[in-house]
There are 2 protein chains.
Amino acid sequence: MELDERKKKILQAVIRNYLETGEPVGSRTISKYTDLNLSSATIRNEMVDLEEMGYIFQPHTSAGRIPSDKGYRLYVDTMMEEKERELVEMKEMKEMLVERQNKIETLLKQVARVLAQNTQYATMISAPRTKRSKLKFIQLSRVDARQLLAVIVIEGNVIKNNILPMDEELNDETLLKLNILLNTHLNGLSIDEINLAMIAMMKQQAGIHSVIVGEVIDAVAEAIRAEEDLEIYTSGTNNIFRYPELADQRKASELINTFEEKQLLGELLQEGPSEEGETGIQVYIGEETPVQSMKDCSVVTATYELGGGMKGTIGIVGPKRMDYDKVVMTLRTIQSQLDDLYGGGGERVP
Amino acid sequence: MELDERKKKILQAVIRNYLETGEPVGSRTISKYTDLNLSSATIRNEMVDLEEMGYIFQPHTSAGRIPSDKGYRLYVDTMMEEKERELVEMKEMKEMLVERQNKIETLLKQVARVLAQNTQYATMISAPRTKRSKLKFIQLSRVDARQLLAVIVIEGNVIKNNILPMDEELNDETLLKLNILLNTHLNGLSIDEINLAMIAMMKQQAGIHSVIVGEVIDAVAEAIRAEEDLEIYTSGTNNIFRYPELADQRKASELINTFEEKQLLGELLQEGPSEEGETGIQVYIGEETPVQSMKDCSVVTATYELGGGMKGTIGIVGPKRMDYDKVVMTLRTIQSQLDDLYGGGGERVP
DNA sequence: TGTTAGCACTCATTCAAGAAGAGTGCTAAC
DNA sequence: GTTAGCACTCTTCTTGAATGAGTGCTAACA
């Protein structure tokens, strides 16, 4: 069977209506509120076809139709209208971001919050992965007799620090040498590029102090590698209660748990989406999502870039009848705003 | 009317039973499952008295009795038995904490998680306030031409850092002087003690570089003062769904929102509880809590200490029929375990 | 005087049956 | 190909009765 223009229009009408109301939509509604000028009976006939094709279904006999995952998919892929939305909202959003945060963490939290407020869905955002960013600056200082403080600054001014316990005391001279050694060798490298050979080489160069130095270098390498666990910030979790289809106890509990145990979100945010259509925006509908607890949700993700190759992912989680148009629009806006504010220069980042 | 021994026993029985079942408890139940050897009729008479005195009430005529806030309060204050609990659980808990975390943040998250798992309630923990802790070490380094990195280590090895943008370039010599200046004057002071006079004095001493230096010092002072917003970690939020009396949509949504907007928890965790009974453990029942959304909950808070005067607060939030004995026990255990692991020495902290 | 047995009464909960309403599928006519 | 009409299905809401837990009160008992 073919999906002709009229069927498409009807499907679109069904979905639009369902997005708004959340109730199964019947033939009469469509007949009345579209410009097709068809009677409900005709609509019914078409609906039977659409159901056979798998785009819509009935929750029970003699109920209206609800879009299936496949239906939503078609809608998102081909029928979504980019409405020219009230750009006011967006401006407000921009203003909220504009007060330039001086910590990346604060910025991300703010983005999540603004998005949640703006869309009324639950949001999440992963901090940019630092693995591929370059080291900019390393400094060891002595905090007290047995403890060193290692401060590592990564491109984009992401700062990591670690206390390294020392078995032996280091004198000032050694410390100075170490600092020089670390900076000459590691500066400009990405974390990926620091390998065993590299470390061995540095140990060798350390000469007399080889043992102590080796220890320190190992610790530093370790410190750099650590924190590799994806940091994720979330907001608007309780927005899920706005949507009855997600608000029942079991589902809500599972969803909230997922948002609390942020690692579970990793699967969605870890892999930069597969470069879909240039924009880096990807839509997962229902079963398509890799996260079990979101089988009844839709998830829209977008990559963002803060300059200097620092990329992260933003995600929005809502009911399947989410306002896809608005969400995609909003994500685009955020993307471009982050780009305006922090992008390009690379060094302008907080 | 007087609360004689028998009334107390009956009240205790009612509360115990209600804690277990969550259902209103009737006279017959009490008559059968206590060693009072009284008929249900007698119990009924006593219950009427207890109701008049405000310790229990009926959710509706011809239902069993439920403890009132006042009833719970009496129970917590005078009738709670410190059961010798399965210490096994506690040992496990200890083991989970023992893998010494090297960041305070990780430790706190872990504590929250372990507590939530152990008690099946929602937990929260505030990071130790750093206001009163002493500065241990300050270092400025040049990251690039126009940016300084300020690293500030506070007693207990809490590390703060900030990027300070500079209008002018600083040469190495000035930087060195600055570092010495900052360390000589600020070391050992608490953040509270850094006042305007202090800063003015330092600016003066900076002599030639007074202007630039002034800028830097202001920025450092600012950086220290910043981050004054209480950091709070939470866990087990979705445990609230275990208790039907909290799981309805409105309440759950409000509670979850409170846990997400962590500032709202500040009131509970900010003020170290008023030194109640030495242990620093405080119980808020129902209306007693300062947080609006928890009017139907009970909250138990405890202060903890990580050595070096670093104090924070742990909170556990559950239904009013929470297992107070267990919660108090568990909090005590955590307190002492944190003390064992990190306390005393003050310098042993991660 | 305190305790108990007994009984009438109240109220929440459960269940079934019925009514209402929404929406469909199908057929026959246009 | 489209539409009107009607029987049919299924959900939801309402009602009323049955059930059962638990109380309050009274009268008898020790």
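Using a cut-off of 4.0 Å between Lys/Arg side-chain N and Asp/Glu carboxylate O, B/E288 and B/R73 are scored as salt-bridged.
For the pair A/N45 CG and C/dA28 P, the interatomic distance rounds to 15 Å; values are reported in whole Å. As rounded to whole Å, 10 Å separates atom P of D/dG22 from atom CG of B/N17. In this entry the distance linking CD1 of A/I43 with C1' of C/dG25 reads 15 Å, nearest Å. When the P atom of D/dG22 is taken as reference, atom CE of B/M47 falls 10 Å away, rounded to whole Å. As rounded to whole Å, 12 Å separates atom C1' of C/dG25 from atom CD of A/E51. Rounded to whole Å, the distance from CG on B/L36 to P on C/dT4 is 11 Å. Computed from coordinates, the A/R44 CZ to D/dA7 P distance equals 15 Å when rounded to whole Å. The interatomic distance linking B/Q58 (CD) with D/dG24 (P) rounds to 5 Å, in whole Å.
For A/D248, the side-chain contact (heavy atoms from CB on, under 4.5 Å) partners are A/R250, A/K251, not counting sequence neighbours.
Between C/dT4 and B/T42, a contact under 4.0 Å exists linking OP1 or OP2 to a side-chain N or O. Between B/T61 and C/dC11 there is a side-chain N or O to OP1 or OP2 distance below 4.0 Å. For D/dT2, one of the phosphate oxygens OP1 or OP2 lies less than 4.0 angstrom from a side-chain nitrogen or oxygen of A/R6. Of the side-chain N and O atoms in A/S62, none sit less than 4.0 angstrom from OP1 or OP2 of C/dA22.
The number of heavy-atom neighbours closer than 6.0 Å to NZ of B/K8, taken from other residues, nucleotides and ligands shown, is 12 or below.
Between the side chains of B/Y75 and B/R16, at least one donor N or O lies within less than 3.5 Å of an accepting N or O. Looking only at atom types and distance, the side chain of B/R28 has no donor-acceptor partner in the side chain of B/S40 under 3.5 Å away.
Mapping B/E46 and B/H60 onto DNA chain C via the closest heavy atom, the residue that lands nearer the 5' end is B/E46. Summary of the strand contacts: A/P24 and A/A41 both lie near DNA chain C, and taking for each the nucleotide with the nearest heavy atom, the more 5' one is attributed to A/P24.
Scanning all heavy atoms of the two residues, the minimum distance from A/Y18 to A/R321 falls at O-CD, 3.5 Å. Here the closest non-hydrogen pair linking B/L255 and B/S293 is CD2-O, 3.6 Å.
Side-chain atoms of A/R65 stay outside donor-acceptor range of the base of C/dG25, with no qualifying N/O pair under 3.5 Å. Judged by distance alone with a 3.5 Å cut-off, no donor-acceptor contact links the side chain of A/R28 to the base of C/dG23.
Backbone-only engagement by B/S27 is indicated by non-hydrogen atom pairs under 4.0 Å involving sugar-phosphate atoms exclusively.
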task = Give the dot-bracket string for DNA chain C, reading 5' to 3', where a pair is Watson-Crick or G-U wobble with both distances under 3.5 Å, ( ) marks pairs inside the strand, [ ] marks pairs crossing earlier ones, | marks a partner on another strand, and . marks unpaired.
result = ||||||||||||||||||||||||||||||

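For B/S39, whose side chain is taken as the heavy atoms from C-beta onward, the closest listed nucleotide among C/dT24, C/dT4, D/dC10 is C/dT4.
The distance from the CG atom of B/L269 to the CD atom of B/Q263 is 12.5 Å, given to the nearest 0.5 Å.
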